[in-house]
Protein chains: 2
Amino acid sequence: MVLLGLLSHEPMSGYDLKASIEQTVGQFWRESYGQIYPALKALEAQGCVRGEDQLQGGRRRRVYTLLEAGRARLRGWLAEPPESTSVRNELLLKVFFGRMTAPDVIRGHLQASLQQARQAVGHTDATVAMLQAEGADDPQLPYWLLTLDLGRRVAEARAEWAQHALAVLHAQEETGS
Amino acid sequence: MVLLGLLSHEPMSGYDLKASIEQTVGQFWRESYGQIYPALKALEAQGCVRGEDQLQGGRRRRVYTLLEAGRARLRGWLAEPPESTSVRNELLLKVFFGRMTAPDVIRGHLQASLQQARQAVGHTDATVAMLQAEGADDPQLPYWLLTLDLGRRVAEARAEWAQHALAVLHAQEETGS
DNA sequence: TGCACCATGTAATTAGTTACATGATTAC
DNA sequence: GTAATCATGTAACTAATTACATGGTGCA
């Protein structure tokens with residue numbers, strides 16, 4: 001579905017799609033070539049996309065175009081209620097079992113997580129600024145900004161939590177538990 | 001690792017472990033029987049846990065106890081930097097491709113998401129209250145509360161974002177885009 | 001000449017869910 | 001007696017990553 005969605009913007013190759021996924025929805029969605037190429041073949045067999053080989057010198061590029069059937073399928077999928085996100089957070093699991101190890105171990109993970117979260121906030125701000133500067137007319141833009149906004153809010157929440165958690169663990173050690 | 005961690009508290013069966021995972025780390029970690037039972041066998045073969053059959057009437061229960069090798073392995077794992085959480089958020093993907101469908105479709109998803117987030121906040125608050133009432137001495141408690149606190153912060157961020165997103169989409173329709 | 005990047009694909013492996021099969025116990 | 005829950009496991013399937021294999025282009 002992410003392939004159909006991106007192809008609705010412009011025709012692209014599998015390679016382009018991978019790069020495009022990373023640039024646009026990379027914050028909350030990832031795909032590997034091992035899934036993209038077979039999926040494109042399947043979508044072509046189902047009549048959702050059309051693939052055409054382009055030859056530039058000796059280099060072959062197979063560019064896929066979204067067909068009406070694919071557009072319909074994408075709309076159908078968009079209307080379905082989103083499935084619950086697969087939840088797996090190794091950091092939280094390690095924090096949960098924190099009493100099994102030295103306090104420094106968990107604090108180290110929290111420090112790293114704090115830095116990551118701050119970087120994510122900064123990166124999101126930069127992306128928002130760039131997008132607003134260059135493509136003020138793109139009809140996709142408001143939706144893209146919304147996804148970035150959630151990313152930013154969650155990253156901020158994580159940063160604040162990491163600071164709070166560090167403070168709690170510090171205080172706990174003081175009182176000699 | 002989640003099995004070793006929970007067994008560090010008390011010996012349990014595979015069935016107990018599944019229930020325990022749901023009650024404690026369920027907000028950010030899930031396992032199915034299809035993984036738990038084979039994993040316990042593997043951990044026993046590696047000497048990390050010891051399994052003993054208990055017979056209560058005609059019902060068999062295989063209770064696993066954490067061994068020193070398992071404890072060491074758990075500590076080793078805790079010291080490793082946590083791997084990046086697998087990110088896949090279908091709601092955000094649908095919001096991102098929102099321009100491909102009617103505004104009401106996305107608003108419906110956002111409304112549902114808002115309700116879910118509010119429920120999560122309430123559920124977390126209830127759990128925190130319950131934990132603080134019953135087990136003020138448990139050495140695991142502070143760590144557990146920290147994981148709940150992140151869950152709450154993230155749920156609140158999601159709720160606020162959903163409201164914001166609904167407002168944005170509403171305004172956008174007004175201005176006739 | 002060699003490296004980084006463009007470009008496509010397959011195979012092997014691992015991870016994970018779901019469905020199925022079985023049977024005992026407890027509470028209504 | 002019958003439904004819910006306790007309890008353990010396997011098999012089939014699906015999803016997903018990683019490694020491998022191949023070869024072209026552009027540039028320093």
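Per chain, numbering begins at 1; letters A, B, ... match sequence-line order.
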With sequence neighbours excluded, residues passing side chain to side chain donor-acceptor pair (under 3.5 Å) with Arg73(B): Gln46(B)
Quick one: does [X]'s side chain get under 4.5 Å of [Y]'s, heavy atoms only?
X: Leu146(B); Y: Phe96(A); answer: no
X: Pro103(B); Y: Leu169(B); answer: no
X: Met1(A); Y: Trp29(A); answer: no

Interatomic distance, [X] [atom1] vs [N] [atom2] [rounded to whole Å]:
X: Arg61(B); N: dT8(D); atom1: CZ; atom2: P; result: 6 Å
X: Glu52(A); N: dT8(C); atom1: CD; atom2: C1'; result: 17 Å
X: Asp53(B); N: dT8(D); atom1: CG; atom2: P; result: 9 Å
X: Glu83(A); N: dT14(D); atom1: CD; atom2: C1'; result: 13 Å
X: Gln54(A); N: dC6(C); atom1: CD; atom2: P; result: 16 Å
X: Leu55(A); N: dG24(D); atom1: CG; atom2: P; result: 13 Å
X: Tyr37(B); N: dA11(D); atom1: OH; atom2: P; result: 16 Å

Distance test, side-chain N/O of Lys41(A) to OP1/OP2 of dT8(C), below 4.0 Å: no
OP1 or OP2 of dG9(C) under 4.0 Å from side-chain N/O of Arg60(A):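 Answer yes for this pair, as a side-chain N or O of Arg60(A) is under 4.0 Å from OP1 or OP2.
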For [X], I'd like to know if atom [atom1] has over 12 heavy atoms of other residues, nucleotides or ligands within 6.0 Å.
X: Gln115(A); atom1: CD; value: no
X: Glu68(A); atom1: CD; value: yes
X: His164(B); atom1: NE2; value: yes

Residue pairs, two or more places apart or on separate chains, that pass salt bridge (charged side-chain N to carboxylate O under 4.0 Å, His left out) and touch residues 23-42 of chain A: Glu31(A)-Arg88(B)
Selection: residues 2-24 of chain A, any non-hydrogen atom under 4.0 Å of DNA chain D: none
Carboxylate-amine/guanidinium contact Arg107(B) Asp104(B), below 4.0 Å: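 Salt bridge: yes.
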Residue pairs fulfilling ring-ring contact (aromatic ring centres under 6.0 Å, His included) with at least one residue in residues 35-56 of chain A, sequence neighbours excluded: Tyr33(A)-Tyr37(A)
Contact letters for nucleotides 12-22 of chain C, in which S counts primed atoms plus P, OP1 and OP2 and B counts the base, heavy atoms under 4.0 Å: ----SBB----
Same cluster (ILVMFWY, side-chain, under 4.5 Å), Val87(A) and Trp161(B): no
Taking N or O atoms only and anything under 3.5 Å, show me the protein contacts with nucleotides 24-26 of chain C, one pair per line.
from    : atom 1 : to       : atom 2 : distance (Å)
dA24(C) : N3     : Arg59(B) : NH1    : 3.4
dT25(C) : OP1    : Gly58(B) : N      : 2.9
dT25(C) : O4'    : Arg59(B) : NH1    : 3.3

